[in-house]
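Scroll down for the structure; my scribbles are underneath it.
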Amino acid sequence: MKELPKPNFAKATLDKAYEATKYEDDIYKLWEESGFFNPDKCIEKGVCKKDAKHFSIVLPPPNVTGTLHIGHAVMFAVEDLMVRYHRMRGDRTLWVPGTDHAAIATQEKVERILWDEEKKTRHDLGREVFLDKVNKFASDSHDGIVNQAKKMGTSMDWSREYYSLDEKRNLAVRKAFKKMYDEGLIYRGDRIVNWDPKMQSNVSDIEVVRKEEKAQFYYFQYGPFVIGTSRPETKFGDKYVVMHPDDKRYKKYKHGDTFECEWINGKISATIIKDEAVDPEFGTGVMTITPWHDATDFFMAERHDLDKEQVIDLDGNLMSAAGEFSGMHILDARPKIVEKLKEKGLLVKIDEDYMHAKATNSRGGGLIEPQIMKQWWVDVKKKFVMQNSKIEGIDNGKEYSLQELLQHVVRSEQIEILPERFKKQYFNWVDNLLDWCLSRQIWFGHQVPAWYKGDEVYVGVETPEGGGWAQDPDTLDTWFSAGMFSFTPLGGVDEETDDLKAYHPTSVLETGYDILTFWVVRMIMMTTYMRGEIPFETVYLHGLVRDDQGRKMSKSLDNIIDPLDVSKKFGTDAVRLSLIIGASPGNDSKLSEEKIGGFRNFANKLWNISRFMLMNIDEPKISVKKPEAKTLADRWILEELENIKYKVKNGFDIYNFSFAGEQLRDFTWNELADWYLEISKIEGDKSEILNYVLNTILKLWHPFMPFVTEAIWQEVYDEENLLMVEKWPETKDSTVYTNDSVNLSDIKNIITGIRSLKSDYKIDPVKKLKVVISAGNKKGMLEENVAVIKGLARLENLQIEETVEKPEGHVGFVEGGAEVFVDLTGIVDFEKEKKRLQDEINSLQKYTKGLEGKLSNKSFVDNAPEEVIVKEKEKLEESKTKLEKLEGQVSNLN
RNA sequence: GACCAUAUAGCUCAGUUGGUUAGAGCGCUACAUUGACAUUGUAGAGGUCAGUGGUUCAAAUCCACUUAUGGUCACCA
């Protein structure tokens, strides 16, 4: 690694404060140029073995619609965390980057820009010119995204980067489409779709969002019936009147009966239909239907084989069926139609407070107008013969539907979803799965690989031989290509590449829970079908990042936290930590600059801890050998280090990253810095231990805070090695219990107790006091630590006896069975002391009484496990002894 | 309407299979400023674990109901 450009680091000592911006770019360059983001290089250099267990993630590709937001930062932080951990553990680790063309979203964005800047539509430009523009936009977005991802410190293998609309992915799409078509899983048919007149495309059910809105609800006389509707403008073609078969009010009317009645544009002939889809409680329990422009009506018409007539065109204007209203936009026509019906005496009443859920396109917000159109669909219920299954419980030669595959792999726990409650949501969706409408009337995306000549249809991977074939102008739903992202970035549809063999199924799909139904379901569907494999073993769903008040971040609220801004301000490590600590899978988290600032402080703390340690290490070296402990504090910190190693590993293993980070921070700050380093100033001569501890915590912290840890590593250990590919510290496989020979808590408590008294009496912290300890069986242990207690509690003199009466003018407290007497001659406030001791005695008495009650309760003694009883007895003994001593002190106040 | 979450200190959250005198960070109060760090240190205040009832020797933890907040799905012309 010597040939690599070395960042311009200061030598020998660290700067006083960690300045992230000074290091981050150089560090990233160092990593990138080392080549270790690529597992091939790791194998070559022995970072991992070729046959090591693999750990692979395909990055959920950000949309090329612009710049990244804080949600992407979470994704980067969490995935990089896992990837760095596994890489250091020696797993064969691959993280594949990519970007998504995001068909509708991107086209819509470019169309808007085009309109804002040039007042032109895509039709003014034509398909080719427009697509050039979109591609240019996408390419610029892509570059920005890559740059941002690198700023976040992501250790992705850029040599394997993919784009959802590149040639390889396009080939995969064409092959998949053909395979599904050949097996009858893709069909072209006239079905009702969600048409967006604004965007001039249909969108899938999942892309439709409903918005509650107050609307007018009209009641009209329709022959002998009163019908209700919120959409009078659709009623021209209505010639069926429907009611529930069990509705007694309309018992005398029979299914199939016809009658003549006066309607908007004159007399019509209507037919009575009985169908259970009608809710007798709603309105009058009678409705007319418009199969061409309503999904419920459509399916009703299908059931009874009724005529369907188009009333509204694709621009939202009324057609010839509307007679005098034809050519008028539906929204303009509505009041006029109502007016006309009123004049004819057919308007019964208007309900002004009707709550209506209007359907809108989640992209662009256009009002959805259902239409019947010829579209391409995936049949999710159709059975096909499985031929390539490697899935447990799915047999080759047997028949399955896509829906059954989706159900099977999650139910059989071959795919784990975290947090588990999202399984319910998954099945809620999958069990009620409808056919998937694939085609979109937009230009940007994978063009449908179907060609037409007259009535002939050809579906294939390449343009058919022979002239006269015209390709379907529509493009495919972006999720069709996205559904194959576990494997298309590793190879293709039908070739077995080395990458596919080595890294598929991928280990984890890490993404936001909001995308579960859009993407996760489709990935499982496409992958199980195309490859006969699960796409990933675990789905880890992160929550959404909200502002400090819990609101979604949005431009209009002006509460957006831009990851790059805050990275610059506080350092990338701080941003990453703030997104990981305090966040749990599937739950939203709140973020504020204050929170990030807190973690910036921690990064600096780690830097300064290292700075101090470095000053006290004779010869910094990379070491994994546990050094010899000479004092109680040494034994204690080494034991705590073992504990924290286990806790962090365990946190990673159970996907509780927040817990791992929190524990590690507590150890680093509250134990190592606040106690051990302070003690080391007194005891001295700790070069070996400090070196070992520093080594270890830098490794443990690296996945969380890659930049500052690598910066320190490079400064301290220098030369050949990158922390990024150091070996993860070995840990035991269970909790390590602390025993007395490594327990520092008595020492800590005595020191804290003395400090507390000092603070209580408002004694100048610098003033040195005299202390006598009646130590009992703790005498030996305390004597060994006289210097530590004296130093940290700032004592002039410390006398330790096995038993000693409280000297005059002293104030006492009890800690760990020892009585500590602090010399406050001349300043003791006897009343205050009396109260302090009495308060403690009171609460202790209550506590003791509780314990006694518990232990004399027969059912407790009979039922509780032995170890619990033993523990309670010990507690009782302890508190009794303490009580005795406190009572002695109070009676001896002088 | 169906289903799923969440409710613990002023704020953000921990609390693993029921057994702690319920914890952390931020904020707050008081004190401390020349050798790792003021992006700091020391000490402290602050909680009837949403409510009610139940199970149990034992409930923040399990169960039922209630209330509040959020989410997913279904939506009715």
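In what follows, chains are A, B, ... by sequence order, proteins preceding strands, each numbered from 1.
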List the atom of A/Lys595, the atom of A/Ile581, and the distance in Å for their closest heavy-atom pair.
NZ-O, 3.4 Å
B/S/- along nucleotides 32-41 of chain B (protein heavy atoms under 4.0 Å) is ----BB-BSS
Under 4.0 angstrom, heavy atoms only, what part of the nucleic acid is A/Arg210 near: base, sugar-phosphate, or nothing?
base
Gap between atom CD1 of A/Ile789 and atom CG of A/Leu795 - 0.5 Å precision:
8.0 Å
Determine the interatomic distance between C1' on B/rG47 and the same-named atom on B/rA9; round to the nearest Å.
5 Å
Parallel, tilted or perpendicular: which describes the rings of A/Tyr18 and A/Trp607, with under 30° parallel and over 60° perpendicular?
tilted
Contact pattern, 5' to 3', of nucleotides 8-19 of chain B - B, S or - by protein heavy atom under 4.0 Å
----SSS----B
Give me the distance, rounded to whole Å, that separates B/rU66 from B/rC13 when you measure between the C1' atoms they each carry.
26 Å
Please determine whether a side-chain nitrogen of the Lys or Arg among A/Lys835 and A/Glu840 lies less than 4.0 Å from a carboxylate oxygen of the Asp or Glu.
no
With sequence neighbours left out, the residues meeting side chain to side chain donor-acceptor pair (under 3.5 Å) with A/Glu852 are none
Residues in side chain to side chain donor-acceptor pair (under 3.5 Å) contact with A/Trp263, at least two apart in sequence or another chain
none
Counting runs of three or more consecutive pairs, Watson-Crick or G-U wobble, with each distance below 3.5 Å, where are the stems of RNA chain B?
B:1-7 with B:67-73, B:10-13 with B:23-26, B:28-32 with B:40-44, B:50-54 with B:62-66
Does B/rU21 have its OP1 or OP2 closer than 4.0 Å to a side-chain nitrogen or oxygen of A/Ser843?
no
With heavy atoms under 4.0 Å as the rule, sort A/Ile227 into base, sugar-phosphate or nothing.
nothing
d(CG, A/Asp275; C1', B/rC76) in whole Å
13 Å
Please measure how far the C1' atom in B/rA64 lies from the corresponding atom in B/rU56, and state the result in whole Å.
16 Å
Rounded distance (Å) that lies between atom C1' of B/rC3 and atom CG of A/Asp431:
12 Å
Distance col, row A/Leu694:CG vs A/Leu606:CG, nearest 0.5 angstrom, shows 8.0 Å
So does A/Thr752 get a side-chain nitrogen or oxygen closer than 4.0 Å to the phosphate oxygens (OP1/OP2) of B/rA43?
yes
Rounded to whole angstroms, how far apart are CG on A/Leu433 and C1' on B/rC73?
13 Å
Please tell me whether A/Tyr513 and A/Phe422 form a close aromatic pair, meaning their ring centres lie under 6.0 Å apart.
yes
Determine the Euclidean distance between corresponding C1' atoms of B/rC62 and B/rA24; express it in Å to zero decimal places.
26 Å
Nucleotide B/rA74, atom P - distance to CZ of A/Phe299 in whole Å:
12 Å
Roughly how many Å apart are B/rA59 and B/rG53, using the P atom of each and rounding to a whole number?
14 Å
Do NZ/NE/NH1/NH2 and the carboxylate oxygens of A/Arg836 and A/Asp760 come within less than 4.0 Å?
no
Ring centre gap for A/Phe225 and A/Tyr219 strictly below 6.0 Å
no
Closest-nucleotide mapping onto RNA chain B: is A/Lys235 or A/Tyr513 further toward the 5' terminus? I mean the 5' end.
A/Tyr513
How is A/His244 classified with respect to the nucleic acid when contacts are heavy atoms under 4.0 Å: base, sugar-phosphate, or nothing?
nothing
Provide the distance between the two P atoms, one in B/rU55 and one in B/rU61, to the nearest whole Å.
15 Å
What does A/Val278 touch in the nucleic acid at a heavy-atom separation under 4.0 angstrom: a base, only the sugar-phosphate, or nothing?
base
Over 60° means perpendicular and under 30° means parallel, so tell me whether A/Phe220 and A/Tyr218 are parallel, tilted or perpendicular.
parallel
Do A/Arg576 and A/Phe704 touch side chain to side chain, with heavy atoms closer than 4.5 Å?
no
Distance check needed: B/rC75 C1' versus A/Asn194 CG, whole Å only.
14 Å
To the nearest 0.5 Å, how far apart are CD1 in A/Ile763 and CD1 in A/Ile754?
11.0 Å
Nearest heavy atom decides the nucleotide; on that basis, is A/Asn670 or A/Asn857 closer to the 5' end of RNA chain B?
A/Asn670
note: A/Asp760, atom CG; B/rG44, atom P; distance rounded to Å ~ 8 Å
Atom CD1 of A/Ile206 to atom P of B/rC73: distance rounded to whole Å?
7 Å
For A/Lys605, enumerate each residue passing the side-chain contact (heavy atoms from CB on, under 4.5 Å) test, keeping only those at least two apart in sequence or located in another chain.
A/Phe602, A/Ile609, A/Trp669, A/Ala673
Using atom P in both nucleotides, what's the gap between B/rG23 and B/rA5 to the nearest angstrom?
29 Å
Distance between P atoms of B/rG41 and B/rG35 (Å, rounded)
15 Å
Atom CD of A/Gln549 and atom P of B/rG70 are separated, to the nearest Å, by 14 Å
Select base, sugar-phosphate, or nothing to describe what A/Ser230 touches, counting heavy atoms under 4.0 Å on all strands.
sugar-phosphate
